[in-house]
Each structure stands twice: as structure tokens, then as C-alpha cells.
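A quick write-up on the structure given underneath.
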There are 2 protein chains.
Amino acid sequence: MRPKSATLTEQELEIMKIVWARERVTVRDVYEDMLERRKIAYTTVMTMMKILAQKKYLRKTQEDRAYVYQPTKPKNQVIKGMVREFVNRVFNGSAEPLLVHLVEDRKLSGKDLEEISRMIREGRENG
Amino acid sequence: MRPKSATLTEQELEIMKIVWARERVTVRDVYEDMLERRKIAYTTVMTMMKILAQKKYLRKTQEDRAYVYQPTKPKNQVIKGMVREFVNRVFNGSAEPLLVHLVEDRKLSGKDLEEISRMIREGRENG
DNA sequence: GGATTAGTACTAAATAATTAGTATGCGACC
DNA sequence: GGTCGCATACTAATTATTTAGTACTAATCC
């Protein structure tokens with residue numbers, strides 16, 4: 001009865017970050033990337049990527065010996081979904097309290113906010 | 001080897017929200033609150049609260065027949081930890097991209113940002 | 001051609017998270 | 001005093017997540 005994660009799990013995200021950064025990867029590519037940061041088995045990476053393919057986050061195409069994996073959804077879209085899920089779960093959907101936390105935690109300064117609000121004002125053509 | 005959650009899990013958070021809102025609760029209080037939103041067993045709530053007590057999020061004191069539970073950590077502090085964990089995991093620690101997503105997703109308007117940045121400017125005594 | 005290498009599929013085991021059943025005790029009520 | 005309701009402790013089952021081993025295949029190397 002445990003609910004399946006509606007978004008990417010921690011390890012899935014780790015892998016997707018690598019895939020998005022390179023666009024076209026083999027299991028080996030991802031494996032070697034991850035190995036630099038921690039001990040992990042090749043087959044573990046393979047299993048995770050198979051799951052990501054099942055979940056439609058990756059598309060695989062046979063190419064020479066190994067499969068080549070590519071993301072099916074743009075990073076932006078997926079991350080936005082994760083943010084939305086987080087805001088819903090933790091803040092019941094409203095973003096202001098999140099913002100307050102970020103500021104209190106010095107993740108954002110008033111300067112950052114002004115900068116971004118200026119960006120918004122200037123980049124508002126299509127609404 | 002699956003890593004234990006460093007922060008509150010989904011259901012744990014659900015319960016903690018109720019506890020924070022009331023400050024002093026019994027299992028039954030939480031159970032009835034949750035029942036309004038979904039089907040759940042009394043013992044399930046009890047198990048979760050026992051876990052939260054083990055994890056030091058709750059403190060229980062015998063009182064009459066049932067235990068009374070109280071939060072040990074303020075909501076603000078715990079939520080801040082969750083935000084931090086999320087920003088680290090998803091955005092490698094930097095908050096600006098999160099902000100951009102929030103704005104793109106219409107969770108925040110330029111007006112919201114300006115408002116909050118004004119609040120910061122005015123409320124900056126101790127830094 | 002046999003050994004080595006790199007890849008995949010299949011299988012499975014460990015742990016975390018979630019849910020809940022059963023047994024048991026204690027006070028209230030009749 | 002027996003029964004009922006409510007509380008807890010203990011136990012356990014289910015599912016998701018993470019990790020990886022084993023067997024097999026195909027290409028490569030000597």
C-alpha cells in the first residue's frame with residue numbers, strides 16, 4: 001500500500017541528471033560518471049536505467065553493441081513537476097512560505113529576489 | 001543499502017502537520033483528523049507516531065489512560081531542513097533555479113517577489 | 001578457435017516505508 | 001463481577017526502492 005513515488009526517486013534523479021547533461025548515454029557512461037562519486041555496480045546502474053525506461057523517462061535504441069539511452073522528457077519539465085510535488089506536499093501548494101524559508105536560510109538574498117523580479121518584469125511578453 | 005530518509009517521509013510529515021497545529025495530541029486525535037481525509041487504521045497512526053517518537057520528533061507523556069504526544073522540534077526548523085535537503089538533492093544546493101521554476105509555474109508572481117524582498121529590506125536588523 | 005571483454009536479461013536480496021492485525025490490559029458501565 | 005470500549009505492545013505483511021549477483025551472448029584479441 002505504500003504509494004509509488006509520483007516523481008523521480010533520489011537515485012533515479014541522480015541518473016537522470018547525468019543523462020540530461022549528455023543527452024545520449026550508455027549504461028557504461030552513467031556507470032563511470034557515478035563511480036567517480038561512489039561505489040556502485042554496473043548492473044545496479046543498468047537496473048535503474050531499465051526502470052527509468054519502463055517509467056518512460058528514458059528511451060533506448062540499439063546501437064552497435066550497447067543500447068543508447070536518451071531522455072524522453074526535458075529536464076525543465078521533470079524538475080518542475082518535482083518542485084510542484086514538493087510545494088504541494090510540504091506547503092499545501094503555496095510557494096510564499098517556501099520562499100520565506102529560502103531567504104531565512106540565506107539561500108537567497110534580497111538582491112537575488114530583486115534581480116529575478118526584474119527579470120520577470122522585463123521578460124513578460126507572453127503571459 | 002537503501003538510504004534512510006534524512007528528513008520526514010510523506011506520511012510522517014502528514015502526521016507532524018497535525019501535531020504542530022495542535023501542539024498536544026493523542027493518537028486518537030491524529031487518527032480522527034486523518035480519517036476525515038482518507039481511510040486509515042488506528043494502529044497505523046499509532047505505529048507511525050511511535051516511529052516519530054523514536055526519531056525524536058515527538059515526545060510522549062503518560063496522561064490518564066492514553067499518551068499525549070508533543071512535538072520536540074518547531075515546525076519551522078524541521079521544514080527548513082526539508083527545504084534544504086530538497087534544494088541540495090534537486091538543485092545541488094542553489095536556490096535560484098528553484099525560484100525560476102516557481103515563477104515559471106505561476107506559483108509566484110513578480111509582485112510576490114517584490115513584496116518579500118521589501119519585507120527583507122525592512123526587517124534586516126540582525127543579519 | 002579459445003580466452004577475454006563488454007553487454008544484457010533474469011533473478012533476487014536487503015532495507016525502508018506503510019499499513020494493519022492480534023493479544024492484552026485497564027477503567028467504565030450495568 | 002462481567003462486558004465493553006479504548007489504549008498499547010508486539011508482530012507481521014505488503015510494496016517500493018536500491019543494490020547487485022549469475023548466466024548467457026556477441027564481439028574482440030592473441
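In what follows, every chain begins at residue 1, and chains take the letters A, B, ... in the order their sequences are listed. Excluded from the calculations below are hydrogen atoms, water molecules and symmetry mates; all remaining heavy atoms, backbone and side chain alike, are included.
Each of A:I40 and B:T43 was matched to the nucleotide of DNA chain D holding its nearest heavy atom; the match closer to the 5' end belongs to B:T43.
Evaluation of atom-type donor-acceptor distances gives no pair under 3.5 Å for the side chain of A:S5 against the base of D:dA16.
The residues A:E85 and A:R89 are annotated as salt-bridged, a charged nitrogen and a carboxylate oxygen being separated by less than 4.0 angstrom. Ion pairing of B:R37 with B:E14 is present here, as a side-chain N (NZ or NE/NH1/NH2) and a carboxylate O approach within less than 4.0 Å.
With distances taken from any side-chain atom of A:K4 to the nucleotides D:dT22, C:dT19, D:dA16, the minimum falls on D:dA16. The side chain of B:T47 lies closest to C:dA20 when the candidates are D:dA16, C:dA20, C:dA16.
Here C:dA20 presents its C1' atom at 12 Å from CZ of B:R38, a figure rounded to the nearest Å.
Taken together through direct or relayed side-chain contacts under 4.5 Å among Ile, Leu, Val, Met, Phe, Trp and Tyr, B:I51 and B:V30 form parts of separate hydrophobic clusters. B:V68 and B:L52 fall into different hydrophobic clusters, where Ile, Leu, Val, Met, Phe, Trp and Tyr side chains are chained together by heavy-atom contacts under 4.5 Å.
By the 30° and 60° cut-offs, the orientation of the rings of A:F86 relative to B:F86 is parallel. The aromatic rings of A:Y31 and A:Y42 sit perpendicular, their planes meeting at an angle over 60°, well past the 30° parallel limit.
Listed by residue number, the members of residues 7-36 of chain A with any heavy atom below 4.0 angstrom from DNA chain D are A:T9, A:E10, A:Q11. Of the residues in residues 48-69 of chain B, those placing a heavy atom less than 4.0 Å from an atom of DNA chain D are B:K60, B:R65, B:A66, B:Y67, in numerical order.
Counting non-hydrogen atoms of neighbouring residues, nucleotides and ligands closer than 6.0 angstrom, the NZ atom of B:K111 reaches no more than 12 such neighbours.
Close to D:dA20, at under 4.0 Å from its OP1 or OP2, lies a side-chain N or O of A:T44. In this model, the phosphate group of D:dG21 is not approached by any side-chain N or O of A:Y42 to a distance below 4.0 Å at OP1 or OP2.
Judged by the 6.0 Å and 45° rule, A:K60 forms a cation-pi pair with A:Y67.
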